[in-house]
Q: 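The structure's right below; bear with me while I get my questions together.
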Protein chains: 2
Amino acid sequence: MSLRYALLALLTSRPMTGYDVSKQFSQSVAHVWHAPDSQIYPELNRMERDGLLESTVVPWGKKGTKKEYAVTEAGIAAFREWMDAPIEIRRQREPAYLKAAYLEWAEPGAARAELEQFRDHWTEHLTMLEATRATLVDRSHPTLARRLEHYDANQWDRIVRYKIFAYDGLIDQARAAVAWAERGLVLVDELEGSTVD
Amino acid sequence: MSLRYALLALLTSRPMTGYDVSKQFSQSVAHVWHAPDSQIYPELNRMERDGLLESTVVPWGKKGTKKEYAVTEAGIAAFREWMDAPIEIRRQREPAYLKAAYLEWAEPGAARAELEQFRDHWTEHLTMLEATRATLVDRSHPTLARRLEHYDANQWDRIVRYKIFAYDGLIDQARAAVAWAERGLVLVDELEGSTVD
DNA sequence: ACAAACTACCTATCTCTATAGTGAGTGGCA
DNA sequence: TGCCACTCACTATAGAGATAGGTAGTTTGT
């Protein structure tokens, strides 16, 4: 159910088409809540049906049209309500840690390969998070820039710092994951013996 | 699909009834992969149908019976295959971090309450993880003890250290979450002003 | 003039997960 | 004798999410 609020969060910066949303998503909210467009389009429809969004049809080229969604008053209210409600605690679902606990069943080579894959994935993710964090710090992040336009300049610092705070948390998690995988590689080498050719 | 492998992992320690599984789950594998019994029972059935488990009906009291599941050769093979396959990378789905990024929309009181709730949840989780880790270190963990019986004593250290390694990763994540929430509380106080009565 | 890449939006289907039950047997204790 | 907590096993249903498509118009480069 958080997808709805992730979309509201994004759309509070400016009105967007479904396509914009699905593109913007990957550069901001997706770091925190991934969704494919096959989920985004139907959800936007449902949100309009529920009165959280309203759409205007905009011409596009000669014959084409596109639908731009804007958050309604009811949408703002729903978002505020969600913000003030207790957070849903996520269930633990971590296949990587599950596997790690049973690494004695893996081939030594496979164990190493998986830890490397895990480390590389998180390293890449970390790089992206740090890059995005930097665009928040210097306020060059496009969605953030559009968002700040609605606010008085004396509010900017407050808004930006919450976003940086969120990214800091994600960066911490990513760094912890990378460090853990690296310790895992050392452990595998120690326990399985180094079989490097 | 990892539920299947989480169940296999647990059942490699010893044969169990569905009820045992759903109880043991919460004390071990659930730290890494939570599942309610309404998922466990049907999955055990499907795994038997697919030949990964076989069940024997055991009498229980005067009239009652229970069904004990044991991993088959095919089950072991499937588990090994999964262990050697690349890990599925989980999508980011973190409502807490999503909210954190938009904390300017929350009431200051609500923001504080949520961060406290988040911190408390992870603190509690951390305590449980550390307690379980300790039972792995001293090998008093019941499922681990049963598991080690299948192995030669010179393998014990290897097996135990992988489990400790997995818990260390979870503990790192939990600690990072707690520390982040604490920084968040300081930030909220700074930005929203201290409105403590 | 045409292809390729991009914008725009949507559907179908399947699996996974969550929630909330049902119902019967057992063992202890008051 | 009756009650309660626990053991055991399962079902029904709805919603969320993943995967894999489809269709139509637009822009850009050659």
Side-chain angles (χ1 to χ4, degrees), chain A residues 1-7 11 15-27 29-30 32-50 53 55-69 82 87-95 98, chain B residues 1-7 10-11 15-27 29-30 32-50 53 55-69 82 86-95 98:
Chain A
M1 211 38 182
S2 290
L3 174 58
R4 169 162 294 202
Y5 300 102
L7 293 172
L11 284 162
M16 281 183 223
T17 66
Y19 188 78
D20 285 338
V21 170
S22 82
K23 294 296 133 180
Q24 285 300 312
F25 219 69
S26 51
Q27 288 164 52
V29 200
V32 127
W33 195 271
H34 170 272
D37 67 344
S38 64
Q39 261 172 276
I40 291 174
Y41 284 111
E43 186 61 28
L44 288 172
N45 276 323
R46 261 174 265 134
M47 288 164 77
E48 188 180 9
R49 187 201 61 202
D50 295 347
L53 301 179
S55 67
T56 43
V57 175
V58 178
W60 169 57
K62 281 172 214 139
K63 284 186 278 181
T65 56
K66 53 185 183 173
K67 220 162 125 192
E68 204 172 54
Y69 290 99
W82 177 75
I87 14 172
E88 316 91 278
I89 300 295
R90 291 245 93 195
R91 309 254 175 238
Q92 284 292 334
R93 287 281 154 81
E94 296 287 353
L98 173 58
Chain B
M1 213 35 183
S2 288
L3 173 59
R4 169 162 295 202
Y5 301 102
L7 293 173
L10 190 57
L11 284 162
M16 282 184 221
T17 65
Y19 188 78
D20 285 338
V21 170
S22 82
K23 294 298 132 180
Q24 285 301 311
F25 219 70
S26 50
Q27 288 163 52
V29 199
V32 128
W33 196 273
H34 169 273
D37 66 345
S38 64
Q39 261 172 277
I40 291 173
Y41 283 112
E43 186 61 27
L44 289 172
N45 276 322
R46 262 175 265 133
M47 288 164 76
E48 187 180 9
R49 187 202 60 202
D50 296 346
L53 301 179
S55 66
T56 42
V57 175
V58 178
W60 168 58
K62 280 172 214 140
K63 283 188 277 180
T65 57
K66 52 187 183 172
K67 218 161 125 191
E68 205 172 52
Y69 290 99
W82 176 75
I87 15 172
E88 318 90 279
I89 300 296
R90 293 244 93 195
R91 309 253 172 241
Q92 284 293 335
R93 287 282 155 78
E94 295 286 351
L98 173 58

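Residue numbers begin at 1 in each chain, while the letters A, B, ... track the order of the sequences.
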Q: Evaluate the criterion side chain to side chain contact (heavy atoms under 4.5 Å, CB included) for residue pair A/Phe25 and A/Ile40; output intermediate values, then yes/no.
A: CA-CA 10 Å; A/Phe25 219 69; A/Ile40 291 174; 4.2 Å; yes
Q: Figure out the CD/C1' separation between B/Glu43 and D/dT11, and round it to whole Å.
A: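 Atom CD in B/Glu43 sits about 16 Å away from atom C1' in D/dT11.
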Q: Heavy-atom nearest nucleotide on DNA chain D for B/Pro42 versus B/Tyr19: which residue maps closer to 5'?
A: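 By nearest-heavy-atom nucleotide position, the 5'-most residue is B/Tyr19.
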Q: Look up atom OH in A/Tyr19 and atom CD in A/Glu68, then write down how far apart they are to the nearest 0.5 Å.
A: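 Separation between the atoms: 15.5 Å.
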Q: Whole Å only: how far is the CZ atom of B/Phe25 from the P atom of D/dA9?
A: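 Rounding to the nearest Å, CZ of B/Phe25 and P of D/dA9 are 16 Å apart.
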Q: Between B/Asp20 (CG) and D/dC6 (P), how many Å, whole number?
A: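 About 16 Å, once rounded to whole Å.
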Q: Taking NZ from B/Lys23 and C1' from D/dA5, how many angstroms apart are they, rounded to a whole number?
A: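 About 12 Å, once rounded to whole Å.
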Q: Can you check the A/Leu3 CG to D/dA16 C1' distance for me, whole Å?
A: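 That distance rounds to 9 Å.
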Q: For B/Lys67, answer base if it contacts any base atom (sugar-phosphate contacts may also be present), sugar-phosphate if it contacts only those atoms, and nothing otherwise; contact means non-hydrogen atoms under 4.0 Å.
A: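 It contacts sugar-phosphate atoms only.
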Q: Any side-chain heavy atom of A/Lys66 within less than 4.5 Å of one from A/Asp20?
A: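 Result no, sub-4.5 Å side-chain heavy-atom pair not found.
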Q: Enter the distance from A/Leu53:CG to A/Lys67:NZ here, rounded to the nearest 0.5 Å.
A: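 NZ of A/Lys67 is found 10.0 Å from CG of A/Leu53.
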Q: Looking at every non-hydrogen atom in both residues, tell me the closest pair between B/Ser22 and B/Asp37 and how far apart they are.
A: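 The answer is CB-CB, 3.8 Å.
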Q: Tabulate protein N/O versus nucleotide N/O from nucleotides 24-28 of chain D, keeping only pairs under 3.5 Å, one per line.
A:
residue, atom, partner, partner atom, Å
D/dG25, O3', A/Gly64, N, 3.4
D/dT26, OP1, A/Trp60, O, 3.3
D/dT26, OP1, A/Lys62, N, 2.8
D/dT26, OP1, A/Lys63, N, 2.9
D/dT26, OP1, A/Gly64, N, 3.2

Q: Please tabulate, one pair per line, each protein N/O and nucleotide N/O from nucleotides 19-21 of chain C that are separated by under 3.5 Å, including the distance.
A:
residue, atom, partner, partner atom, Å
C/dT19, O4, B/Ser38, OG, 2.6

Q: Return the value, rounded to whole Å, for the distance between atom CD1 of B/Ile40 and atom C1' of D/dC8.
A: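 In whole Å, D/dC8 C1' lies 13 Å from B/Ile40 CD1.
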Q: Do A/Met16 and A/Lys23 come within less than 4.5 Å of each other through their side chains, counting heavy atoms only?
A: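 Not in contact.
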Q: Calculate, to the nearest 0.5 Å, the distance between atoms CG and CD belonging to B/Leu7 and B/Gln39 respectively.
A: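 Result: 9.5 Å between the selected atoms.
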Q: Specify the separation, in whole Å, of atom CZ of A/Arg46 and atom P of D/dG17.
A: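 Those two atoms, CZ and P, are 10 Å apart.
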Q: What's the separation between atom CD in A/Glu43 and atom CZ in A/Arg46, rounded to the nearest 0.5 Å?
A: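 With rounding to 0.5 Å, CD (A/Glu43) is 4.5 Å from CZ (A/Arg46).
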Q: Nearest-Å distance, CD (B/Glu68) to C1' (D/dA9)?
A: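 Those two atoms, CD and C1', are 15 Å apart.
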Q: Got a second to check how far B/Tyr69's OH is from B/Leu11's CG, nearest 0.5 Å?
A: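 That separation rounds to 9.5 Å.
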